[in-house]
Amino acid sequence: MNEARILSEQETAEILAAADHYPDKSAASVEALKIVQKYRGWVSDDALKSVAGLLKMSPDELDGVATFYNLIFRKPVGENVILCCDSVSCWMLGADRIRERLSERLGIGLGETTADGRYTLLPIVCLGACDRAPVLMVGEELYEDVDESKIDELLKRYGEAWTNR
Amino acid sequence: MDKPLTQNIKPDLSAVTLDDYRRTGGYEGWAKALKDMAPMDVIEAVKDAGLRGRGGAGFPTGVKWSLVPQGESAGQKYVVVNADEMEPGTFKDRLLMEADPHQLIEGVAIAAYAVQADTAYIFLRGEYHLSARRLEQALAEARSAGYLGKNILGSGFDLEIHLHTSAGRYICGEETALLNSLEGKRAIPRAKPPYPQTSGLWGRPTVVNNVETLCNVPHIIRNGVDWYRGLGRGEDAGTKLFGVSGRVKKPGLWELPMGTPVRVLIEECAGGMRDGYTLRGFLPGGGSTDFLLPEHLDLPMDFGAMMKAGSRLGTGTMVVLDDRTCPVRMVLNLERFFAQESCGWCTPCRDGLPWVVELLEGLVAGRGRPEDLDLLEQLARLMGPGNTFCALAPGAAAPLQSALKYFRPDFERYLKPASSARVA
Amino acid sequence: MANITIDGQTHEVEAGDNLLKICLSLGLDLPYFCWHPALGSVGACRQCAVVQYRDESDTHGRLVMACMTPVTDGLRVSLEAPEAREFRASVIEFLMTNHPHDCPVCEEGGECHLQDMTVMTGHTFRRYSGLKRTHRNQYLGPFINHEMNRCIACYRCVRLYRDYSGGRDLDVFASRNKVYFGRFEDGVLESEFSGNLVEVCPTGVFTDRTFSAHYVRKWDLQHAPSVCVHCGVGCNTSPGERYGTLRRIVNRYNGEVNGYFLCDRGRFGYGFVNSERRIREPMLRGEPVSGETALTHLQGLLGGHTIGIGSPRASLEANFALRELVGAEHFYAGLAQGEASLAAAILEVLRHWPVHVPSLSEVEQADAVLALGEDVANTAPRLALALRQSVRNRAFERADRLKIPRWQDAAVREAAQDDKSPLFVATPSATRLDDIAEAIYRGTPEAIARLGFAIARRIDTNAPAVSDLPPEDALLAERIGDSLAAAARPLIVSGIACGSLATVRAAANIALALSNRREGGAIDLCYVAPECNTLGLAMMDGRSVQEAFAAAKTRDVNTVIILENDLYRRADGGAVDSFFNGTRHVVVVDHIRHGTAAKAQLLLPGSTFAETEGTLVSFEGRAQRFYSVMPGSGEIRDSWRWLADAGAKRWANVDALTAACAAAFPEFGPIRHAAPPAGFRIEGEKIPRQPHRYSGRTAMNAHRDVHEPKPPDDPDSALAFSMEGASVEVPPALLPFVWAPRWNSNQQAVNKFQDEVGGALRGGDPGVRLLESPEMPEPRWFDEVPSCLRDETRWRAIPLYHVFGSEELSVLSPPLAERLSAAYAALHPEDAEKLGVAEFLAVRLNERLIRLPLRLEPSLPRGAVGLSAGLPGLLRTDFPAWIAIETGRGEP
Ligand SMILES: Cc1cc2nc3c(=O)[nH]c(=O)nc-3n(C[C@H](O)[C@H](O)[C@H](O)COP(=O)(O)O)c2cc1C
Ligand code: SF4
Ligand code: FES
């Protein structure tokens, strides 16, 4: 597999720059996968093999790492990944209702992606905002004190998903 | 009252800039350490100040640093910041990093000087995007102001701090799993001994400290040991960020003296329970601590007092259980978390926790058998400290075993099939 | 030493070891999974829990994992404390929540570590009522089956495959109770040590696919102590037979040689025994005849000039029987010419120089290694695995300094990072040890030899100098020389396969130089010999087939008797043909049809290692006895018996022959003691080859006879083809298989047979060493340093070896054959470009023009042509050093 052809110059440069922070290239594995994900949304087998080559790891070794971390996506995800906190404080303050509402509005369950590829719904552990529970994260944005009414607003901001409900 | 950790934090929680930070004495501790103190002096000061780790275990920070080999032959060493905050109910380090990143940087710098490490890593959980941006910004500011880099402030000491953002998994917070993760591996904990101080990151001597722990350090160096010891109200020194979440009127986070009674936190700071709810219990320091009861309200939030009461101070951010939340379901929520976050290395955790979840799910679904409660008790006991490879599973056992102790009738209620629908 | 108390009993034991190993060594039954004597401790499975007490007054104690607990003086523990028992049972119960209940159809059943531990801990009742997690399995190639649902996540597979063996294509994926052990994608496991997964996995996740194809339970297999015949290392094996076919090979522990592990050539190469190409009946001029007819005919051929050509893949006894039949002066060892001269040179060094041939366990202790010329990973794989362990000595030293016990596997690896003891690899092309080498040198055999001479010179200025050494080579020689000189236990590895006398001698000079530095102390030196008895044959006679051909030219040969040897693998086809043409009668005794067998007027069905007894001499100079696993069927006879019967030399049994051989060659004296004699008895009884649960004895022949047949006699050994007999305190050399009450799995049951777990077998590791360092060494410097001149018109031919393919017998095993490639030639890409060749290369080999598929191999030196050695399509292993390429243009 020709690494250069799979990874863009930009990706390669960023990965190598990240690797500079460590005495050992393979330490940048997680960061490299996140860089790939930043550009592609997820990490395909081919991309993973290329990253492995760049970091002098075997694909097996790198995939062992990739599949360990829940924020590395080895399957395609939607444009907007919605992370619903399901840990104790949010749960206590109605996270289930929020999640159900989202499911209903998007027509997908946890772990699924809308047919138009706009949203993926995933559970996430405590987001460190328990005093503002329940909370959600969409992309890199944290949404606190979420209630059902806010969900409509939120989906307007990111664009309504097309569903065949 | 002195609130060194949060003194600079602005009401809108925007990041304290370098200038703001310096205005209240920022980086003075760093300059003082470099100019006036030998590394051993710094370690002694932190030891004498009585600073104990804020990451959950409460290990004396100065003692930890003193275990790092010193001298020429010690070779490459590292300081690593544990910024993987993911314990359910915990939300303190995020504030410190988002709102006052320089304070952490200064703390890291002093720690690095104390153990003579020229490289430090901040291991930040992946979801803390804002913290990442603000830390990067602050690191750049600190570099250009000469607080980091080569020959810092003319001292001959070099230091580079790298921000490493992670990609999920609670186990990364376990300090040795964190080191593996930082090395780009699966976050599996390591056997201890050897401790990181002798063989840590890439097998080199390493200090791992929590964000909040390190944020205390600049103040200790600048204001002195006596001042710091004077801050605590009880056995332990200094102040601490305490938080309350759950069905209280004003959930939040406050900097208060160590040893502040639980009652003050819940009733005064958090404004007491929401109307119509009463307090049934609380997890004093996050999801991996044991439940305590209203009868424990007057205990001080100290490492020792919490331990004596059968729980732990943990992260000092408490989760409150109210009378309308089912403790069994709350425990189920917690156990699902722990089962899911198990790294998969050791048997009792990897295969025992899913079983606990299965039993609890059966219970709330009305499929419980009377012997299940004994079984749950047994499982909690089997996953106790020392039995598993790391402290994740014992952490999972804590709320389970204490709930079985304090809320047994709630569990038993589920055994009567008809009742399961009623409780929700 | 430490005094410790276990359940009230005091024991004096080695301090510093881990408690689990100590308990097992004391014979106590403490369950475990993730620990392995060769892999060390990681504390993952939590199965080995015991209660530790602070002191006498402590009645509560606390649970600790025995495998992670260092033994110190005064240690007090209990294995039997209820808390410990409860915890251990619960670990099994946890594991069982996901483990399928498929023992009845699982191939591990009956030798399953998990089964044993389940019974041992007393977990009998299932309390978990949830669903089990399930996994998808992968295709892992022709050797290994994958059944992930059975996984108990002990992590032994990845630790063995990756950490211990250096494989990179097996790993652990995902986390929590979803951890998955396999490959990134379906595909053949690359490592030549993959077969060890079968034994190291405590359940049936990784099973032997070749066994699976004709599976029987372990307890229905008939075993014998055997020795691998697929290279010169001499790994001990335990082959298993049922219904007259060989079903599988498992490791037979030998603390000095192979320890717990085999290579895949040895494990999966057994298929030739069952092959279609077996010679099963005597054939006279292509027609089957009875054994008696054949023998009478053979006797008739013996008058006149009769010569015998022996074989480095046959036993000493069979070769000696041939030698006795034809007379010493007419016996030729049957090596190829190059092999013969190299073997002679090697023997000269081993006999007269201050050197010590290390066993593999000693190899693992080397703290600086130079591999000079030999591609060990392909010619002696198990040795390469030992070298891979040797580089860890630096890690152990660092661990010692940090007070990390050496058995703390993960911690030691972490502390050491990439710090390795130096291993220098100087070979003509890339090897599978390069990844752990401190420095790599690539060059022609002459260049490698020159480097070697220069290293010797660097260590001892009395050694001959090398002129015109390129400056970078000189620097490397200094570096290697200094490294070896500074080491506490340096090791030089070279061998026959590199085909270069100069290299073999350069290695000797280095050893001598090192020895001179240490006041004549013996230096570890091993020379890899290609076949299972190359060294033995060289010791016996050493004359090549070419010498036989030459003899035939001077005096007409009436009869040639060829023992277990395909001459077409030893000499150029044309030369072999003309030899046969000039010989009146050709007699071949062998078990496999090949080019030579096809020329035989009289073809006699000989025995494979699985059907006969004998002695093989490994490259260590270790004489080891192997035993028949099953009687030869039909007309198949011990090769030596055909020859003995032909000569009417009625040795009563193989022991008599061994003794005669030992008497004829003083150097072979010790071989009589390689194993107990045939008359050996334990309380009057023989040792059964069959486990005591061997089933179906009356049923298996019921289509012929409902009575249980009388087991065949075995006059040649103290073993019986039976389940009856004495199976306690069996001498290690006679152990057909290991089993102990409550321990059914091979790798764990052996604990009960060792002095100390992971150490020597109780009674001593099998085999006797024939070549100890001479008491009065008489070395002299070899001073013929080859020149560095490049031949401008011809190309240096370099044999390239393949673990799967270069050895004659294993390639006949169908699963191994799947891993073969056809013969090829290789060039450095730039040479290929200069020559304008891309897909094929035509080379002139001994007057014949051969066209071979071309591979581009950037690691080859310029001006060299790599030629696959032994792969189908190009059998000769004895290349001329220089060859011509036919392109019509271009010189190197
Ligand atoms: C499962 C697990 C998760 C942990 N997570 C964190 C964490 O997110 N942040 C943290 O500072 N410490 C965490 N810890 C504690 C660390 O292992 C370690 O004790 C701490 O970082 C030491 O720093 P301190 O001495 O400054 O408290 C965790 C421990 C365990 C067992
Ligand atoms: S207790 Fe064991 S399986 Fe659980 S997280 Fe720790 S090491 Fe991993
Ligand atoms: S053998 Fe001790 S923990 Fe696995």
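Lettering follows sequence order; numbering is per chain, from 1.
Highest contact tally toward chain C, considering only A191(B), S199(B), P348(B), is held by P348(B) [criterion: heavy-atom pairs under 4.5 Å]. For the set V42(C), D419(C), I404(C), the count of heavy-atom pairs under 4.5 angstrom toward chain B peaks at V42(C). Note: C45(C) leads C34(C), A411(C), C45(C) in heavy-atom pairs under 4.5 Å with chain B. When E341(B), E183(B), E371(B) are compared by the number of non-hydrogen pairs under 4.5 Å with chain C, E183(B) comes out ahead. Per-residue counts of heavy-atom pairs under 4.5 Å with chain B were compared for K403(C), R413(C), R398(C); the largest is that of R398(C). Ranked by heavy-atom pairs shorter than 4.5 Å toward chain B, the options N98(C), V179(C), L131(C) are led by V179(C). For the set Q408(C), E93(C), K178(C), the entry with the most heavy-atom pairs within less than 4.5 Å of chain B is E93(C). With respect to chain B, the highest number of heavy-atom pairs below 4.5 Å among M65(C), Q47(C), E86(C), M68(C) belongs to E86(C).
Residue contact with chain B, scored on non-hydrogen atoms closer than 4.5 Å, involves the backbone and the side chain of F87(C) alike. With a 4.5 Å cut-off on non-hydrogen atoms, Y180(C) does not touch chain B at all. Using a 4.5 Å cut-off between heavy atoms, A153(C) contacts chain B through both its backbone and its side chain. Both the backbone and the side chain of R127(C) come within contact range of chain B, each with at least one heavy atom under 4.5 Å from a heavy atom of that chain. Neither the backbone nor the side chain of A416(C) has a heavy atom closer than 4.5 Å to any heavy atom of chain B. For S129(C), the parts lying under 4.5 angstrom from a heavy atom of chain B are both the backbone and the side chain. In this structure, chain C has heavy atoms under 4.5 Å from both the backbone and the side chain of Q340(B). Residue Q378(B) touches chain C through its side chain alone, counting heavy-atom pairs closer than 4.5 Å. Residue I171(B) does not touch chain C at all, counting heavy-atom pairs closer than 4.5 Å. Only the backbone of P193(B) comes within contact range of chain C, with at least one heavy atom under 4.5 Å from a heavy atom of that chain. For A187(B), no part lies under 4.5 angstrom from a heavy atom of chain C. For a residue to count as touching a neighbouring chain, one of its non-hydrogen atoms must lie under 4.5 Å from one of that chain's; by this rule V64(C) does not touch chain B. Residue N180(B) touches chain C through its side chain alone, counting heavy-atom pairs closer than 4.5 Å.
Remark: L382(B) CG to F94(C) CZ distance equals 5.0 Å, nearest 0.5 Å. Distance OG1/T388(B) to CG/L63(C): 11.0 Å, rounded to 0.5 Å. Atom-to-atom distance recorded for M96(C):CE and W355(B):CH2 is 12.0 Å, nearest 0.5 angstrom. The OG1 atom of T198(B) sits 13.0 Å away from the CZ atom of R401(C) when rounded to the nearest 0.5 Å. Separation of atoms CG (N177(C)) and OG (S342(B)) is listed at 7.5 Å; rounding is to 0.5 Å. We find the CG-CZ distance between D351(B) and R133(C) to be 7.0 Å, quoted to the nearest 0.5 Å.
Enclosure of atom NE2 in H60(C) is not indicated, since only 12 or fewer non-hydrogen atoms of other residues, nucleotides or ligands lie within 6.0 angstrom. The environment of CZ in R136(C) is sparse: at most 12 heavy-atom neighbours from other residues, nucleotides or ligands sit within 6.0 Å.
Applying the side chain to side chain donor-acceptor pair (under 3.5 Å) rule to D290(B) yields the partners Q401(B); only residues at least two apart in sequence or on another chain are considered.
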Quiz item: For D418(C) and W202(B), what are the C-alpha separation, side-chain angles and deciding distance, and is it a side-chain contact (heavy atoms from CB on, under 4.5 Å)?
Solution: CA-CA 9 Å; D418(C) 282 338; W202(B) 291 292; over 6 Å; no

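Listed by first and then second residue, the ring-ring contact (aromatic ring centres under 6.0 Å, His included) pairs involving residues 358-377 of chain B amount to none (not counting sequence neighbours).
Annotation for Y155(C) and C343(B): closest pair OH-O, 4.5 Å, computed over non-hydrogen atoms. Taking all atoms of both residues into account, the shortest heavy-atom contact from G386(B) to R46(C) is O-NH2, 3.4 Å.
One finds no salt bridge joining E83(C) and R381(B) here, because no Lys/Arg side-chain nitrogen approaches an Asp/Glu carboxylate oxygen to under 4.0 Å. Ion pairing between a basic and an acidic side chain is recognised when a charged N comes within 4.0 Å of a carboxylate O; E414(C) and R190(B) show such pairing.
Under a 3.5 Å cut-off, the side chain of R350(B) and the backbone N or O of I152(C) do form a donor-acceptor pair.
Counted by atom type alone, R169(B) and S175(C) present one or more donor-acceptor pairs between their side chains at under 3.5 Å.
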